[in-house]
Amino acid sequence: MTVRSSGNQPIRVEQDVVLARQTARKLAQECGMRLIDLTKLVTAVSELARNTMVYGGGGDMDWAIVEDGLRVGLRLTFRDEGPGIPDLKLAMTDGWTSGGGLGLGLTGAKRLVDDFELDTAPGAGTRVTICKWT
Amino acid sequence: MERIPILQMGDFLLVTIQVDMHDQLALTLQDDLSERISRTSARGVLIDISALDMVDSFIGRMIGMISGLSRIMDAETVLVGMQPAVAITLVELGMTLPGVSTALNVERGMKLLRERAYSQ
Ligand SMILES: Nc1ncnc2c1ncn2[C@@H]1O[C@H](COP(=O)(O)OP(=O)(O)OP(=O)(O)O)[C@@H](O)[C@H]1O
Ligand SMILES: [Mg+2]
């Protein structure tokens with residue numbers, strides 16, 4: 001897999017969640033992603049960026065346009081140095097929330113993308129990497 | 001402060017969401033709407049989301065709350081104009097918006113609101 005271009009965007013305040021969505025939309029368009037896939041990806045980005053801000057206490061979104069043979073995709077990593085997720089199985093259950101959410105962010109985001117990887121440990125922050133291929 | 005405008009058309013309130021909303025803006029709209037329903041005794045609320053190219057769990061939850069709130073205040077809510085890609089994504093996300101009435105466009109939404117509001 002080769003990286004065609006990459007960059008980074010901070011997610012500190014609410015407005016950054018909007019900016020993260022806009023960046024993802026622009027990049028997905030650059031990849032030539034069709035509207036339905038693009039909409040799914042941007043929605044996943046919104047969920048994960050909000051989690052980074054609300055639960056992770058802020059962090060970053062790293063992006064990369066990647067190539068794998070004939071495929072082009074957009075890969076995004078959301079990382080924070082927050083409290084981490086103590087019970088991953090619970091957090092990956094539809095409808096489970098530790099706050100006042102619907103508990104659909106993580107599980108929903110996973111359904112909306114092609115690759116989903118979650119790396120977290122109590123006290124060691126959280127890192128979620130997703131990829132959507134065109 | 002930034003706000004989403006609420007228009008009054010007779011007994012109904014019309015909200016057209018045209019911006020990519022940050023969370024606080026969505027919450028403000030929810031507060032503003034319940035205040036307007038109570039002040040104007042509106043019978044219905046029409047929310048036009050045809051300009052929205054994404055609805056995530058936060059906006060979905062806000063729409064559900066507005067619908068529930070207005071029902072308690074004796075008003076109907078109809079959501080109109082959802083783009084097909086947004087609808088498909090919402091279902092896959094796991095949000096089915098239970099209890100929220102929908103219509104394809106503003107015209108049909110208004111018709112639905114009138115039927116409901118004046119049938120009782
Ligand atoms: N970056 C993170 N750092 C720490 N905890 C997290 C992080 N992301 C998610 N969590 C935990 O996982 C739970 C589930 O997250 P998820 O996004 O699925 O639901 P939610 O945010 O609670 O609700 P929703 O996203 O539907 O509004 C959260 O309630 C939170 O406890
Ligand atoms: Mg969430």
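By convention in this document, chain letters (A, B, ...) are assigned in the order of the sequence lines, proteins followed by strands, and residues within each chain are numbered from 1.
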Check: Would A:Val54 end up clustered with A:Ile130 when hydrophobic side chains under 4.5 Å apart are linked, directly or stepwise?
Finding: yes

Do B:Asp53 and A:Thr39 have side-chain heavy atoms sitting under 4.5 Å apart? no

> Does a sphere of radius 6.0 Å around CD in A:Glu81 hold more than 12 heavy atoms from other residues, nucleotides or ligands, not counting ones at 6.0 Å or beyond?
Replying inline: no

Could you check whether atom CZ of B:Arg108 has more than 12 heavy atoms from other residues, nucleotides or ligands sitting under 6.0 Å from it?
no

Highest number of heavy-atom pairs under 4.5 Å with chain B among A:Thr107, A:Ile36, A:Leu104 belongs to A:Leu104

Short question: side chain of B:Arg61, backbone of A:Gly100 - any donor-acceptor pair under 3.5 Å? yes

**Study point:** Short side-chain to backbone donor-acceptor contact, B:Glu92 and A:Lys40, under 3.5 Å
**Key:** no

Taken to the nearest 0.5 Å, the spacing of A:Leu112 CG from B:Leu90 CG works out to 9.5 Å

Evaluate whether atom CE of B:Met9 has more than 12 neighbouring non-hydrogen atoms of other residues, nucleotides or ligands under 6.0 angstrom away.
no

Output for pair (B:Asp23 CG, A:Ser46 OG), nearest 0.5 Å, gives 7.0 Å

Handout entry: Other residues, nucleotides, ligands: >12 heavy atoms within 6.0 Å of A:Glu117 CD
Key = no

Residue from B:Met21, B:His22, B:Met95 scoring the most non-hydrogen pairs under 4.5 Å with chain A is B:His22

Cut-off 4.5 Å, heavy atoms of chain B, and the answer for A:Ala44 is neither

When every non-hydrogen atom of A:Leu102 is compared with those of B:Ser57, the smallest separation belongs to CD1-O, 3.9 Å

request  = Give a yes or no on this: more than 12 heavy atoms of other residues, nucleotides or ligands lie within 6.0 Å of atom CE of B:Met65.
outcome  = no

Is there a side-chain contact between B:Asp20 and A:Gln22 in this structure, where contact means two heavy atoms from C-beta onward sitting under 4.5 Å apart? yes

Whatever's closer than 4.5 Å to a heavy atom in chain B on A:Val17 counts as neither

Heavy-atom count check: over 12 atoms from other residues, nucleotides or ligands less than 6.0 Å from A:Arg127 CZ? no

Next on the checklist: Within the 4.5 Å heavy-atom criterion, are B:Val55 and A:Thr43 side-chain neighbours or not?
Outcome noted: no

Any donor-acceptor N/O pair, A:Glu47 side chain to B:Asp56 backbone, under 3.5 Å: no

Side-chain heavy atoms under 4.5 angstrom apart, residues restricted to Ile, Leu, Val, Met, Phe, Trp, Tyr: same cluster for B:Ile49 and B:Phe12? no

field: Path from B:Val78 to B:Val15 over hydrophobic side-chain contacts below 4.5 Å
entry: no

